[in-house]
Amino acid sequence: MAKIETPRPIRGTQDIFGPEAETFAYVVETFERIRKLYRFRRIEMPVFEKTEVFSRSLGETTDVVAKEMYSFEDRGGESLTLRPEFTAGIARAYLTGGWQQYAPLKVATHGPLFRYERPQKGRYRQFHQIDAEIIGAAEPQADVELLAMADHLLKELGIAAGVTLQLNTLGDADSREAWRAALVSYFQAFRAELSEESQDRLERNPLRILDSKDPRDKPFVADAPKIDDYLSGEAQAYFSQVCEGLKAAGVAWTRAPALVRGLDYYRHTAFEFVTDRLGAQGTVLGGGRYDGLIETLGGAHTPAVGWAAGIERLAMLVDGTAEEPLAVVLVVEDDARINEAIAAQQALRREGISAELIATGSPRKRYDKAVKRAPGAIVSLQHDGGHRLSGDDETDPRISQILALYR
RNA sequence: GCGAUUGUAGCUCAGUUGGUUAGAGCGCCGGUUUGUGGUACCGGAGGUCGCGGGUUCGAACCCCGUCAAUCGCCCCA
């Protein structure tokens with residue numbers, strides 16, 4: 001048989017193993033615990049949807065739709081897309097699954113997402129997020145609850161130090177539009193002095209100029225019109241209720257007037273938990289209120305707010321989570337005793353004591369292998385029919401009891 | 001799509017101004033030590049030096065191309 005060249009993994013995918021996989025699981029388990037505490041209901045979502053689920057909601061940002069999504073045709077010629085985010089799919093399910101009856105609905109999920117991007121630190125083509133949404137709640141308390149949960153989660157994960165909550169409001173639809181118009185006319189005046197990217201953004205996505213990294217843009221950004229001057233009374237009241245609620249909940253935050261969302265369906269609250277420990281990819285958890293989204297999918301006007309966080313990025317901030325220590329290693333020094341060892345091993349495991357068996361390779365080396373596993377106790381089954389148990393004083397007394405049964 | 005950096009054993013890395021059969025540690029396999037908590041000794045297997053081309057008497061090393069990884073730009077729903 002001709003030997004083939006081993007297929008390479010797909011760019012931007014990862015095989016997660018060992019301590020990293022443990023940390024990944026730790027993040028998910030912690031999220032599950034917190035989400036139950038806040039009474040968010042678990043949902044499971046399909047990994048792919050009709051392309052329009054995502055393209056409709058993304059609207060005019062054609063770059064994203066055309067270049068950043070994993071889209072393909074199925075055998076029936078229908079365009080499908082691997083989900084690049086949770087929110088649009090959840091909004092679709094809310095409409096097609098009759099979930100309106102549960103409104104206001106608090107839901108949470110996690111799993112893989114796919115974006116066709118060049119991988120870099122903390123950014124992969126298949127990546128994983130945890131996600132929480134409140135659908136059908138228009139009041140600022142919903143924003144507060146979601147933010148409090150996020151803050152709580154980061155603290156439980158032990159990564160809150162060095163992470164700050166940046167908070168902004170985009171106002172209601174009118175406020176947002178007025179601000180946007182003011183930004184466009186402001187930047188238009190300096191057009192030629194802006195970076196090429198920002199000149200481009202002026203047409204496509206003017207709000208994005210505010211978080212340009214180009215030093216040529218920074219001086220103009222500093223003096224750009226502020227959203228606060230364009231907020232309607234209602235929008236202002238909404239934002240201050242969110243701020244007051246966060247204060248009551250004991251959640252610290254800083255105002256980030258340049259924090260924006262590019263898509264039109266975002267309203268009011270926008271937020272990101274940011275760290276400086278992850279290089280250029282500093283956002284650890286982000287979200288906001290998307291009151292306009294569900295309408296773009298053909299539903300009734302439905303207020304909603306949510307956030308998502310990259311599991312990989314959270315895991316990078318968590319101090320290494322070690323694999324659970326191994327309780328017992330059984331060393332078979334006499335091959336005739338292998339079945340005796342298997343029986344004892346299973347008995348230990350049924351008692352909830354983790355156990356491994358070493359019975360391969362040079363008999364002389366087996367004990368050394370056991371030592372390297374760093375178990376709580378080593379049991380060697382010897383040629384004379386007896387066994388020797390070594391371990392420290394904390395060794396589980398059940399071990400001796402169980403072994404006695406399998407002499 | 002663009003830029004920078006890096007590709008040598010399963011892993012982490014040496015490898016001199018270009019010079020004979022390309023090295024170490026760890027891991028793996030075997031032997032010695034009859035061992036009681038990661039640490040000893042001896043030996044073995046394992047390498048198209050990312051891939052292709054070029055320069056040269058001679059290339060892991062220099063040049064061109066290509067692929068991949070990492071980090072950054074763009075984008076960030």
Side-chain angles (χ1 to χ4, degrees), chain A residues 3 5-14 17-18 49 53-69 81-91 113-125 127 129 131 195-198 200-201 204-205 207-208 211-215 259-266 270 272 278-283 286-288 290 292-293 296 306-308 310 313 325-326 328-329 331 333 360-380 382-384 387-395:
Chain A
K3 195 170 180 186
E5 194 180 332
T6 306
R8 307 323 303 170
I10 306 296
R11 181 197 295 273
T13 61
Q14 13 168 24
F17 172 79
E49 296 273 358
V53 169
F54 306 112
S55 62
R56 283 288 168 76
S57 63
L58 290 169
E60 72 228 53
T61 38
T62 50
D63 230 37
V64 170
V65 174
K67 285 164 56 185
E68 315 279 351
M69 296 203 312
T81 295
L82 299 180
R83 64 185 180 195
E85 57 157 338
F86 278 115
T87 309
I90 293 172
L113 303 170
F114 305 83
R115 295 182 185 177
Y116 195 90
E117 301 180 295
R118 197 156 204 92
Q120 48 185 290
K121 189 179 183 68
R123 286 185 89 171
Y124 305 93
R125 287 188 172 182
F127 59 106
Q129 286 188 341
D131 181 278
S195 66
E196 299 76 29
E197 287 86 11
S198 287
D200 213 38
R201 284 190 269 243
R204 283 195 346 265
N205 205 345
L207 302 199
R208 280 281 161 210
D211 52 23
S212 168
K213 289 168 187 163
D214 197 301
L259 176 63
V260 295
R261 293 279 108 100
L263 301 176
D264 289 338
Y265 58 70
Y266 282 101
E272 289 179 2
L278 292 179
Q281 311 300 329
T283 299
Y290 52 93
L293 171 63
T296 69
W307 57 249
R313 287 191 198 174
L326 171 59
V328 184
V329 177
V331 180
E333 305 223 29
T360 60
S362 167
R364 289 185 176 280
K365 293 267 166 77
R366 293 178 189 178
Y367 193 86
D368 291 337
K369 286 183 182 176
V371 169
K372 286 183 181 172
R373 302 284 184 98
I378 298 173
V379 178
S380 64
Q382 301 180 310
H383 294 283
D384 60 10
H387 69 253
R388 295 173 78 172
L389 175 62
S390 69
D392 48 39
D393 296 331
E394 275 106 8
T395 296

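Chain letters run A, B, ... following the sequence lines, proteins first and then strands; every chain starts at 1. Below, all heavy atoms of this structure are taken into account, side chains as well, without hydrogens, waters or symmetry copies.
For A:R204, a side-chain nitrogen or oxygen approaches OP1 or OP2 of B:rC75 to under 4.0 Å. Taking 4.0 angstrom as the limit, A:K121 places none of its side-chain polar atoms (N or O) nearer than this to OP1 or OP2 of B:rG72. Residue A:K372 places none of its side-chain N or O atoms closer than 4.0 Å to OP1 or OP2 of B:rC26. A close approach under 4.0 Å does occur between a side-chain nitrogen or oxygen of A:R201 and OP1 or OP2 of B:rC75. Residue A:R11 places at least one side-chain N or O closer than 4.0 Å to OP1 or OP2 of B:rA69. Applying the 4.0 Å criterion to OP1 and OP2 of B:rU70, one finds that A:Q120 has every side-chain N and O outside that range.
Between the CD1 atom of A:I10 and the C1' atom of B:rA68 there is a distance of 13 Å, given to the nearest Å. Residue A:D368 contributes atom CG, which lies 12 Å from atom P of B:rC29 at whole-angstrom precision. In this structure, A:L207 places its CG atom 15 Å from C1' of B:rC75, rounding to the nearest Å. Following rounding to the nearest Å, A:E197 (CD) and B:rG3 (P) show an atom-to-atom distance of 14 Å. Remark: C1' of B:rG37 and CG of A:L326 are 13 Å apart, rounded to the nearest angstrom. A:Y265 places its OH atom 12 Å from the P atom of B:rC76, with the value rounded to the nearest Å. In this structure, A:K213 atom NZ and B:rG72 atom P are separated by 8 Å, rounded to whole Å. The interatomic distance linking A:R8 (CZ) with B:rC51 (P) rounds to 12 Å, in whole Å.
Across all strands shown, B:rA60 has no partner, as no Watson-Crick or G-U wobble contact with both distances under 3.5 Å is found. In this structure, B:rA45 forms no base pair with any nucleotide, since neither Watson-Crick nor G-U wobble geometry is met with both distances under 3.5 Å. Base-pair partner of B:rG72: B:rC2 (Watson-Crick or G-U wobble, both distances under 3.5 Å). Base pairing of B:rU16: no nucleotide in any strand meets the Watson-Crick or G-U wobble criterion (both distances under 3.5 Å). B:rA40 is paired with B:rU32 under the Watson-Crick or G-U wobble criterion, all donor-acceptor distances under 3.5 Å. Pairing for B:rC11 is with B:rG25, a Watson-Crick or G-U wobble pair whose two hydrogen-bonding atom distances lie under 3.5 Å.
Minimum interatomic distance between A:P375 and A:I378 (heavy atoms only, all atoms of both residues): CG-CG1, 3.6 Å. Annotation for A:G12 and A:Y124: closest pair O-CB, 3.2 Å, computed over non-hydrogen atoms. Of all heavy-atom pairs between A:T360 and A:R366, the closest is O-NE, 3.6 Å. The minimum heavy-atom distance linking A:L293 with A:A91 is given by the pair CD2-CB, 4.1 Å.
Remark: the separation of the P atoms in B:rA40 and B:rG25 is 12 Å, to the nearest Å. Comparing the C1' positions of B:rA22 and B:rU48 gives a spacing of 14 Å, expressed to the nearest Å. Between B:rU12 and B:rC73, the distance separating the two C1' atoms is 31 Å to the nearest Å. Comparing the P positions of B:rA59 and B:rG19 gives an interatomic distance of 11 Å, to the nearest angstrom. Straight-line distance between the C1' atoms of B:rC64 and B:rU55: roughly 11 Å, to the nearest whole Å. Going from the C1' atom of B:rU5 to that of B:rG46 covers 30 Å, rounded to whole Å. If you take atom C1' in B:rG7 and the same atom in B:rG43, they sit 32 Å apart, rounded to whole Å. Nucleotides B:rG58 and B:rG15 are separated by 26 Å at their P atoms, to the nearest Å.
Proximity of a side-chain donor or acceptor of A:R115 to a complementary backbone N or O of A:P84 within less than 3.5 Å is detected.
As judged by a 4.0 angstrom heavy-atom cut-off over every strand, A:A374 is placed among the base-contacting residues. Among the atoms of the strands shown, only primed sugar atoms or phosphate atoms (P, OP1, OP2) are found under 4.0 Å from some heavy atom of A:G279. Residue contacts for A:Y266: at a heavy-atom cut-off of 4.0 Å it reaches the sugar-phosphate backbone alone, with no base atom in range. Residue-level contact check: A:E196 touches neither bases nor backbone, having no heavy atom under 4.0 Å from any strand.
Of the residues near RNA chain B, A:R313 and A:Y367, the one whose nearest nucleotide (by heavy atom distance) lies more toward the 5' end is A:Y367. Comparing A:D211 and A:K369 along RNA chain B, the residue whose closest nucleotide (by nearest heavy atom) sits nearer the 5' end is A:K369.
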- For A:R118 and A:R123, what are the C-alpha separation, side-chain angles and deciding distance, and is it a side chain to side chain contact (heavy atoms under 4.5 Å, CB included)? CA-CA 8 Å; A:R118 197 156 204 92; A:R123 286 185 89 171; over 6 Å; no
- Task: Take A:E197 and A:R204, measure what salt bridge (charged side-chain N to carboxylate O under 4.0 Å, His left out) needs, and give me the verdict at the end.
- Result: CA-CA 10 Å; A:E197 287 86 11; A:R204 283 195 346 265; over 6 Å; no
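Scanning atom types as modelled, no donor and acceptor separated by under 3.5 angstrom connect the side chain of A:K365 and the base of B:rG35. Side-chain atoms of A:Q382 come within donor-acceptor range of the base of B:rG35, with a qualifying N/O pair under 3.5 Å.
For A:R118, the listed nucleotide lying nearest its side chain is B:rG72; candidates were B:rG35, B:rG72, B:rC76. In this structure, of B:rG38, B:rC75, B:rG27, it is B:rG38 that holds the atom nearest to the side chain of A:V371.
For the atom pair CZ of A:R125 and CD of A:E117, the computed distance is 8.5 Å after rounding to the nearest 0.5 Å.
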